[in-house]
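Because the structure is a prediction, the values reported are computed rather than measured.
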Amino acid sequence: MVDTTIGRLALPDGRLSVPGGLPDPLVCADGSVVTSAEEWYARRRPELLELFASQMFGRTPDTAIAVHREVLSEEPAALDGRATRVEVRLSFGPASDGPGMTLLIHLPNEPAGDRAPTFLGLNFRGNQAAEFGDPTEPDVLRQRWPLERMIERGYAVATAWYEDLDPDVDDFSNGVHPLFYTDGQTRPGPDEWGAIGAWAWGLSRALDHLQEDSRVDPERVIAVGHSRLGKTAMWAAAQDERFAMAVSNNSGCGGVALSRRRHGETVDAITRRFPHWFCPNFSAYADREETLAFDQHQLVALIAPRPFYIASAQDDDWADPYGEFLGGRYASPVYELLGVEGLAATELPPVSEPVLSRIGYHIRPGGHAMTAYDWERFADAADRHLRRSR
Ligand code: GTR
């Protein structure tokens, strides 16, 4: 591994604490330095994608699969007439009642005829909870999504329940994985996709659908997610360049936080508690983060040059807010190579002072959650970076 990053990128405040340094996003495995956008796309980007696929999230199958689509309902005057509410069932595989996902989509009714930029994200407790809240669950999960506000700000919002795609237990007999098994296979092999891979795949299938809906702007779909679903949004956008932007809300370890910092949740902790999120190969790096050929700033680099927004929370030490900031900061050289600005702050911004550069960042008071404040900042970042002239 080539360790040139610290010399080139050390923060002026000297707060950098990444034992052993970081692998440089612009240095290839053979030591050659990437100096042009062409080299980035032809060599280094594929190399990094391959590393994240084979060593962390597992490879996403590229087998084409039948998708059965059924519009379950359409309500043109939802949210006091301001939105059109649509439910669409996507079922995968040969059987029309196969595993799938139910997309709940709210589209702004004004301005009529416009194609709306769209936030697309998976939810934790079902579409009903995202829409109405879930009083039986603790705060983070009870939080309903601020649909009225996003509609008011001109965004469509599409969501689906993550457990529809994979039920989030260390059991691969259910969800979408079995659709891709070879004869006799019962779980993914060492470098095959885990749960995050399946959830990310689901986001891409949802995007396939949204791109065909004439009320959605196909070039302005934003992958968004909280926590494990923030890791998912990042992996989806890294692989699928049709996502115009991505948002990580408190994604922490395995998301935007640098693994080498070993602050809060570590590779050891996450692979013990949630081995099924990743491919089996990833657990080999528990307590050996320095042997990873990559770190999470390079997952951000795979999203470059598209806008990427990072939201941290002050009391969410488990997700390592400073490590999340550095994950964005150290992706900046790739953004700059591709001709755009990276993360414009060289030190952690003060609480509640968002930085809205192309890699954006904020840290707000409070704990692990995706709050109304966070959503407003996602829309601010999208307003700034995805606005198009009419
Ligand atoms: C935590 C886990 C984190 C994060 C979170 C969540 O328990 O340690 O990696 O993903 O769950 O998804 O809510």
Side-chain angles (χ1 to χ4, degrees), residues 117-122 145-146 149-150 153-159 200 203 207 219-238 240-252 254-258 296-314 316 319-332 334-336 338 340-345 348-364 366 368-387:
T118 302
F119 285 104
L120 166 63
L122 299 174
W145 288 23
R149 274 297 293 158
M150 290 304 109
R153 294 195 60 165
Y155 290 88
V157 180
T159 187
L203 284 178
L207 178 57
E219 286 166 19
R220 286 189 295 169
V221 177
I222 304 154
V224 58
H226 170 60
S227 204
R228 72 200 69 180
L229 300 177
K231 312 181 210 299
T232 299
M234 289 182 72
W235 181 227
D240 188 339
E241 293 179 276
R242 297 174 303 164
F243 285 107
M245 170 173 162
V247 175
S248 147
N249 195 82
N250 307 174
S251 67
V256 70
L258 296 176
Q296 299 308 108
H297 59 311
Q298 293 164 321
L299 187 57
V300 182
L302 288 171
I303 298 168
R306 293 164 289 163
F308 176 60
Y309 194 82
I310 305 165
S312 296
Q314 206 177 12
D316 190 12
D320 186 15
Y322 188 57
E324 294 187 313
F325 167 73
L326 291 180
R329 176 68 200 155
Y330 288 148
S332 298
V334 178
Y335 278 72
E336 286 158 15
L338 300 179
V340 294
E341 183 185 34
L343 177 45
L348 189 72
V351 170
S352 304
E353 290 188 22
V355 175
L356 290 175
S357 42
R358 197 156 175 98
I359 300 176
Y361 180 89
H362 77 240
I363 179 164
R364 61 155 173 78
H368 193 66
M370 188 154 73
T371 67
Y373 174 89
D374 298 315
W375 277 99
E376 296 289 344
R377 302 295 80 74
F378 307 160
D380 291 346
D383 282 356
R384 175 174 301 197
H385 298 293
L386 299 185
R387 194 188 304 129

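Considering OG1 of Thr371 and CG of Asn249, their distance stands at 7.0 Å, rounded to 0.5 Å. From Glu241, atom CD reaches atom CD1 of Ile303 across 11.0 Å, with rounding to the nearest 0.5 Å. Distance CD1/Ile310 to CD1/Ile359: 6.5 Å, rounded to 0.5 Å. The structure places CZ of Arg306 at 7.5 Å from OH of Tyr335, a figure rounded to the nearest 0.5 Å. Going from atom CG of Leu326 over to atom CG of Asp320 covers 8.0 Å, rounded to the nearest 0.5 Å. One distance of note links CE of Met234 with CZ of Phe243; it measures 13.5 Å at 0.5 Å rounding.
Taking the six-membered ring wherever Trp is involved, the centroid distance between the rings of Tyr309 and His385 does not fall below 6.0 Å. Checked against the 6.0 Å centroid threshold, Phe119 and Trp375 count as a close aromatic pair.
Using a 4.5 Å heavy-atom cutoff, the side chains of Phe378 and Ile222 are not in contact. Looking only at side-chain heavy atoms (C-beta outward), Pro146 and Tyr373 stay at 4.5 Å or farther from each other. For the pair Met370 and Trp145, the minimum side-chain heavy-atom distance is below 4.5 Å. Side-chain contact between Glu324 and Ser251 is present, with heavy atoms from C-beta onward closer than 4.5 Å. Contact annotation: the side chain of Asp383 approaches that of Arg153 to within less than 4.5 Å [non-hydrogen atoms, C-beta and beyond].
Every residue two or more places apart in sequence or in another chain that forms a side-chain contact (heavy atoms from CB on, under 4.5 Å) with Ala233 is listed here: Ala223. For Arg149, the salt bridge (charged side-chain N to carboxylate O under 4.0 Å, His left out) partners two or more places apart in sequence, or in a different chain, are Glu152, Glu376. A search for side-chain contact (heavy atoms from CB on, under 4.5 Å) contacts involving Glu341 returns Ala344, Ser357, not counting sequence neighbours. Partners of Ala200 according to the side-chain contact (heavy atoms from CB on, under 4.5 Å) rule, which considers only residues two or more places apart in sequence or in another chain, are Thr232, Trp235, Ala236, Gln239. Remark: Pro117 pairs with Tyr155, Arg220 by the side-chain contact (heavy atoms from CB on, under 4.5 Å) rule, at least two apart or across chains. When the side chain to side chain donor-acceptor pair (under 3.5 Å) test is applied to Asp316, the partners found at least two apart in sequence or on another chain are His368.
The two atoms that bring Ala331 and Ala301 nearest to each other are CB-N, 3.9 Å, heavy atoms only. Annotation for Ala238 and Leu299: closest pair CB-CD1, 3.8 Å, computed over non-hydrogen atoms. Annotation for Thr159 and Gly121: closest pair OG1-O, 2.8 Å, computed over non-hydrogen atoms. Contact detail for Asn250 and Ala319: the closest heavy-atom pair is O-CB, 4.3 Å. Ala345 approaches Phe325 most closely through the heavy-atom pair O-CZ, 3.5 Å. When all heavy atoms of Pro307 and Leu386 are compared, the pair lying nearest together is CG-CD2, 4.0 Å.
Applying the side-chain contact (heavy atoms from CB on, under 4.5 Å) test between Phe308 and each of Leu343, Val300, Val247 identifies Val300 as the sole match.
A salt bridge links Arg377 with Asp380: at least one charged nitrogen is closer than 4.0 Å to a carboxylate oxygen.
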